Amino acid sequence: SSNQMWGGRFASGPDAIMEEINASIGFDKKLYAQDIRGSIAHATMLAEKGIISHEDKDKIVAGLNTILSEIKSGEFEFSRKLEDIHMNIEARLATLIGPAAGRLHTARSRNDQVALDFRLWVKEELVKCEKMLTDLVGAFLDRAEEHAETVMPGFTHLQAAQPVTFGHHCMAYVEMFGRDRARVRHAIDHLDESPIGAAALAGTPYPIDRHMTAKALGFREPTRNSIDTVSDRDFALEFLSVAAICAVHLSRLAEEIVIWSTPQFGFVRLSDAFSTGSSIMPQKKNPDAAELVRAKTGRINGSLVALLTIMKGLPLAYSKDMQEDKEQVFDAAENLELAIAAMTGMIRDMEIRVDRMRAAAGAGFSTATDLADWLVREVGLPFREAHHVTGRVVALAESKSCGLADLSLEELQAIDPNITDKVFDVLSVDASVASRQSFGGTAPAEVKKQIAWWRARN
Ligand code: ARG
């Protein structure tokens, strides 16, 4: 038998494979609440404008509310024959209230309906992400405050570069996740236009009021171009872009946690709650959560590339290709939430091994730049020459397998006779860190200013 929603011109029903490739109910049932909200706003507007009777509108709204509770309680039977969430709900409405149900789809198409449902869903998801990122930033602010004076090696090329504080390192992530949250807010602002009323693509001859539905659904205003409205999935692409950038940040942090928690580094100890054991090696404590966060980035980035590729080259307006948008967004959203939540837990729980960080901070001649700067400041050497002199000091220490501060004054003076014993004041990691008071630098006083700036904005 032909389709009860659009089968008027069809003599027979679809092939089983046609039905299978066409149906989206398996995943778009997630949109049921948004679909019902949208339909209630649409029906209410139709009645206000005299396009349907108030009596029919009341039946429609009551029926939709019944369906909402049926779906919530799990008693609703979804049918693949009815393709998608929109037609599943409308068919059930017809069973519940009879012919009045057929008036709901006046001045509307599934094209603007799905654009509406999906926008509402993505908007809610973005609001959720905003809150979760605020939590993650909060976790970092707490750790940064606690460790504003904890020295650790700062790295470039993953080689010890200059000492920094763990608090400063935490604040680098605050900046990154803070930018992610700003991108989330921007994405919300960007998608805040209502698609409903664009109809199939050309608008509608009925005297609808799109400002009324936009307002009822919490949008700032209606979209302006009906063709664009049903063709546009920028809001989904923006969500995925924001998610991908955030996932990349999470993966960098995850990688650092994996490195830091090795016995070789030993900078942190993960809590039992966020690590796992080995079924063969009893001594193991593995950073699986961090590794999975690192891996989730692959699928989130994949979702972005998938939807970009789906949309690429699509002629205006709606094409069924666009039905493939949802699984990408749903999967990315689910995994991004998991990754942010796992990371927030790990950051809050992990033990910072202050002594190990301090010992590593002094290794690798990490205060060599401080020596060069001292030669510039106190001896008056040009920086390039000071760099060269310091290089010879480093070579000497390396040949003696000792640190810069372990060399004697005589040994230093043999390289440059102008060096005095005051040089030892700048060779310690604490002196090095304390001296970097430039705006945004690693000095504890400066890091505390950064923390205060963010506290006022989180
Ligand atoms: N299930 C469809 C989707 O997700 C709904 C829109 C269908 N519109 C149409 N003209 N076939 O995109």
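Atoms within a ligand are numbered from 1 in the order they appear, just like the ligands themselves. All values reported here derive from a predicted model rather than from experimental measurement. Only heavy atoms go into these numbers, but all of them, side chains included; no hydrogens, no water, no symmetry mates. Positions are given from 1, in the same order as the sequence printed here.
Here the heavy atom of the protein found nearest to atom 8 (N) of ligand 1 is N111 OD1, 2.9 Å. For atom 2 (C) of ligand 1, the nearest non-hydrogen atom of the protein is Q323 OE1, 3.2 Å. Of the protein's non-hydrogen atoms, D84 OD2, 3.6 Å is the one closest to atom 5 (C) of ligand 1. Protein heavy atom closest to atom 7 (C) of ligand 1, with residue, atom name and distance, is Y318 OH, 3.5 Å. Protein heavy atom in closest approach to atom 4 (O) of ligand 1: K326 NZ, 2.6 Å.
Of the possible polar contacts, none joining the N458 side chain to the W454 backbone as a donor-acceptor pair under 3.5 Å is found.
Electrostatic pairing of K215 and D209 does not count as a salt bridge here, judged by no charged N lying under 4.0 Å from a carboxylate O. Salt bridge E255/R294: present, at least one basic N to carboxylate O contact under 4.0 Å.
Partners of D56 under the salt bridge (charged side-chain N to carboxylate O under 4.0 Å, His left out) rule, at least two apart in sequence or in another chain, are R103. The side chain to side chain contact (heavy atoms under 4.5 Å, CB included) test applied to A148 returns K448, not counting sequence neighbours.
Close contacts of ligand 1 with S24, meaning ligand atoms under 4.0 Å from a residue heavy atom, involve 1 (N).
Judged by the 6.0 Å distance and 45° axis criteria, K29 is positioned over the aromatic ring of F78.
Distances between N or O atoms of R233 and those of ligand 1 include no value under 3.5 Å.
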